[in-house]
Amino acid sequence: MDFNTSMYFSAAKPILDKGALFHDDSPDYIVPYEPAPYSEVSIRFRTGKANVDHVYIVINGEHQLMDKAETIGSFDYYEYTTYVSDELIMYYFEITSGNIKAYFNVLGVDKRVNTDFSFKLRPGYKTPDWIKGAVMYQIYVDRFCNGDKSNDVETGEYYYIGDKTVKVDDWNKYPALMGVREFYGGDLQGVLDKMDYLEDLGIEAIYFNPLFVSPSNHKYDIQDYDYIDPHFGKIVDEKGDLLQEGQTENRFATKYINRVTNKKNLEASNELFIKVVEEAHKRGIKVIIDGVFNHCGSFNKWLDRERIYENSEGYEKGAYVSKDSPYRKYFHFFDENESKWPYNGTYDGWWGHDTLPKLNYEGSQDLYNYILYIGKKWVSPPYNVDGWRLDVAADLGHSPEFNHKFWKDFRRVVKEANPNAVIIAEHYGDPWSWLQGDEWDTIMNYDAFMEPLTWFLTGMQKHSDDYRQDMLGNADNFIGAMRNAKTKIMSPGKYTSMNELSNHDHSRFLTRTNHVVGRVADKGPEAANNGINKAVMREAVVMQMTWVGAPTIYYGDEAGVCGFTDPDNRRTYPWGHEDQELIKFHKDIIKIHKENKELKTGSTKFLYKDYNVIAYGRFTIDSQSVIIVNNNDCEKEVNIKVLDIGIDRDTQLKQLIFTYEEDYSVSPNMYPVIGGKLRIFMPKHSSVILKAVKVDC
């Protein structure tokens, strides 16, 4: 070998290991994880050991050389410390190795600069630590458990949307097609009675659908924001009559009027709710309530379309009743000619629904201030709830500018009252403008969880309104959707997002596994139960419990409840008829989620894809798990490079859980890593979580 050849080989760098290049906005790579404004933050980047010449971080267009901070195992970690203001930081990385130059952004390694996919960091954007990766449980109260039969809505108690209320005596009956006025009797005492069950399941937070006084069973038509509905709470002073035959005017529904306007009943109901929150907190369970602030209900005391409050002691006249009502500007009336009063029905309804009058914040500072007071009230003593879920939050107000102003003020008063309260918004589409750290904390995660996962595992649309063969098992679509959504939500929102398989607005996930397109009106309720595939359901739950965010179980999903979209998705919890095997599976997978920190706040990296097969890693610097899902009707051999998530060559992978067609197993089987790769045979409709463990020499 001559001198020049020797010099060439001594100076040559190994080929750039692109798989070793990594950064995300997890706690391992942003220190401190949620930096305060006007403070120092260290940003870290990972490369292969001795594999690169230089790493630059490009912040808002300026190149800064990063220093090698440490070497751990097969990786070098580069670091750059900077002082931040309160402005958004956008950055990506430039890596050089010999003559090779690569870039790294949110989507991973790139050959060219693409600032559209820069990482983003907002100093001061902080979300409560308790909800990061927390396991939540959504309760639709009327259908969960009837613990107090004395507060049940009676048949004929009042009139709502075309007919009188109906008390359902058969807990196991399917919901009626027009079931909004149908009541099964679930209440807060029922939640208290089942608190042992919830604790044993392993949940860390309860999210309640609306609890405030409302005429429907769903209660998204609020009647009184100050009080828990006595039909969910407690009735201590009972009097009055049901509507008589032929009566449809609720001013004659004296039993209902007494139940929901009598302060003794209202205050007793609030006291019971305090007890529910206290009992949950004793068990380490947080409580989130539903805030419906875009619209209220036609029964609302401020409007009083039903004339319930017109002659009730202690209440002002509603805006429908009197032109002189103090609440007149709370609503927008299309015809304000004074001759329209009393009983002016020309108010603006949300999407034209006169049962859902839209609140007119721009027209009333008193309304604005009062809803801010409500936001503060329920997260403060003595109620002490741990957060709000906001219904149709992007619709509030009449302009985007006003909407943002309101949510900024709402966040301010809520966080001043309870800094650890979370603010979760229902939102479809791009949430970026609301998730800057000064409005919502996070969202219900449709775009980056429920929809992509449903398409991948079932080929079904989330309402069961469509089936697409081209979407079933389409790993490229799944990965692309997840990556694209990552660009629209920063880390504090991502790790706290509500990841659901089902909820009160969409079909039950277990029903989607049968590929039946339709709704209960045309298919009938039994069609939702037929041909379901619990193996696919287990795959979905494994992904739910290992994906970034807060996995949220819709009551009864864990017990095998099926159903098309609402009202069929609001079936009762099947006490005494539960799928005990599915419940046991949920307990085991929740335990795994809670015991392995990488599944709560670790980084995520896709490792393998094929038709109907996906594998990804969840990892921190010192703990790693591999998740594999085979959604095919046949066995698949999968070979995965696992070095890229920090699994060393002298490592074995311990099985935490393995699901398959008939059942699942938590046996601690071991799988060797050979040459940095895992080779595994996955049966049809199976999934597995494998945890890296060191092998003793």
Side-chain angles (χ1 to χ4, degrees), residues 33-34 36 122 124-139 188 191 203-212 222 225-228 270 273-294 368-393 396 404-427 431 434-445 489-499 549-550 552 600-601:
Y33 171 53
E34 294 170 323
R122 171 73 72 177
Y125 185 2
K126 178 173 175 54
T127 54
D129 289 338
W130 65 262
I131 197 176
K132 293 180 172 73
V135 180
M136 298 200 286
Y137 191 86
Q138 178 182 347
I139 296 180
L188 290 178
V191 175
I203 67 160
E204 297 168 290
I206 296 170
Y207 153 47
F208 284 110
N209 284 109
L211 300 172
F212 303 131
I222 305 298
Y225 291 94
D226 278 297
Y227 295 103
I228 302 298
N270 281 7
F273 180 65
I274 292 169
K275 184 178 177 182
V276 170
V277 176
E278 288 175 346
E279 187 60 37
H281 286 173
K282 285 178 188 176
R283 299 164 186 260
I285 298 172
K286 304 289 188 180
V287 175
I288 298 167
I289 59 176
D290 214 319
V292 189
F293 301 132
N294 165 69
Y368 192 103
N369 294 340
Y370 200 85
I371 294 297
L372 294 185
Y373 158 76
I374 291 295
K376 176 181 178 179
K377 169 181 176 175
W378 291 97
V379 300
S380 303
Y383 307 105
N384 295 316
V385 302
D386 302 287
W388 288 97
R389 178 267 188 190
L390 306 173
D391 186 60
V392 294
L396 183 142
H404 286 294
K405 176 184 184 302
F406 178 86
W407 292 126
K408 284 179 171 65
D409 286 342
F410 185 86
R411 180 186 183 87
R412 175 180 51 77
V413 299
V414 167
K415 297 290 185 175
E416 285 175 355
N418 184 349
N420 281 316
V422 70
I423 299 171
I424 305 170
E426 177 193 26
H427 187 68
W434 289 275
L435 296 180
Q436 299 295 308
D438 57 355
E439 296 183 48
W440 311 336
D441 281 322
T442 190
I443 53 170
M444 301 177 74
N445 200 3
I489 181 168
M490 287 180 279
S491 181
K494 182 171 61 179
Y495 282 91
T496 56
S497 60
M498 187 183 283
N499 289 348
T552 305
K600 282 205 162 196
T601 57

Sequence-distant partners of Lys132, side chain to side chain contact (heavy atoms under 4.5 Å, CB included), two or more places apart
Tyr33, Glu34, Thr127, Asp129, Tyr495, Thr496, Thr601

Check: Ile289 and Phe212 side chains under 4.5 Å, non-hydrogen atoms:
yes

Please name the pair of heavy atoms, one in Leu435 and one in Tyr125, separated by the smallest distance, quoted to 0.1 Å.
O-CE2, 3.4 Å

Let me know which of Trp407, Phe406, Phe410 forms a ring-ring contact (aromatic ring centres under 6.0 Å, His included) with Tyr368.
Phe406

Are any non-hydrogen side-chain atoms of Ile374 and Phe293 less than 4.5 angstrom apart?
yes

Can you name the nearest heavy-atom pair linking Gly549 to Asn499, along with the distance?
CA-ND2, 3.6 Å

In the structure I gave you, are the side-chain heavy atoms of Val276 and Phe208 within less than 4.5 Å of one another anywhere?
yes

Apply side chain to side chain contact (heavy atoms under 4.5 Å, CB included) to Asp290 and list each qualifying residue two or more places apart in sequence or on a separate chain.
Tyr207, Asn209, Pro210, Tyr220, Val292, Arg389, Asp391

Rounded to the nearest 0.5 angstrom, the CG-CD1 distance for Leu396 and Ile371 is 8.5 Å

Can you check whether Leu188 reaches Leu211 side chain to side chain, under 4.5 Å on heavy atoms?
yes

So if I apply the salt bridge (Lys or Arg N to Asp or Glu O under 4.0 Å) rule between Glu439 and each of Lys408, Lys415, Arg411, Lys405, which one comes out positive?
Lys408

Out of curiosity, Trp440 CH2 to Ile423 CD1, how far, rounded to the nearest 0.5 Å?
11.0 Å

Audit row: Val413, Tyr373, side chain to side chain contact (heavy atoms under 4.5 Å, CB included) steps and yes/no
CA-CA 8 Å; Val413 299; Tyr373 158 76; over 6 Å; no

Between Ile288 and Trp388, is there a side-chain heavy-atom distance shorter than 4.5 Å?
no

Indicate yes or no: does Glu278 engage Lys282 in a salt bridge with an N to O separation below 4.0 Å.
no

By the definition side chain to side chain contact (heavy atoms under 4.5 Å, CB included), identify the one residue from Asp441, Val379, Val385, Asp386 that meets it with Val422.
Asp441

Decide, yes or no, whether a salt bridge links Arg122 with Asp438 under the criterion of side-chain N to carboxylate O below 4.0 Å.
no

Six-ring centre of Tyr225, Lys376 cation under 6.0 angstrom, axis tolerance 45°
no

Rounded to the nearest 0.5 Å, how far does CE of Met136 lie from CD1 of Ile203?
10.0 Å

Taking the side chain as everything from C-beta on, heavy atoms only, tell me whether Trp378 gets closer than 4.5 Å to Asn418.
no

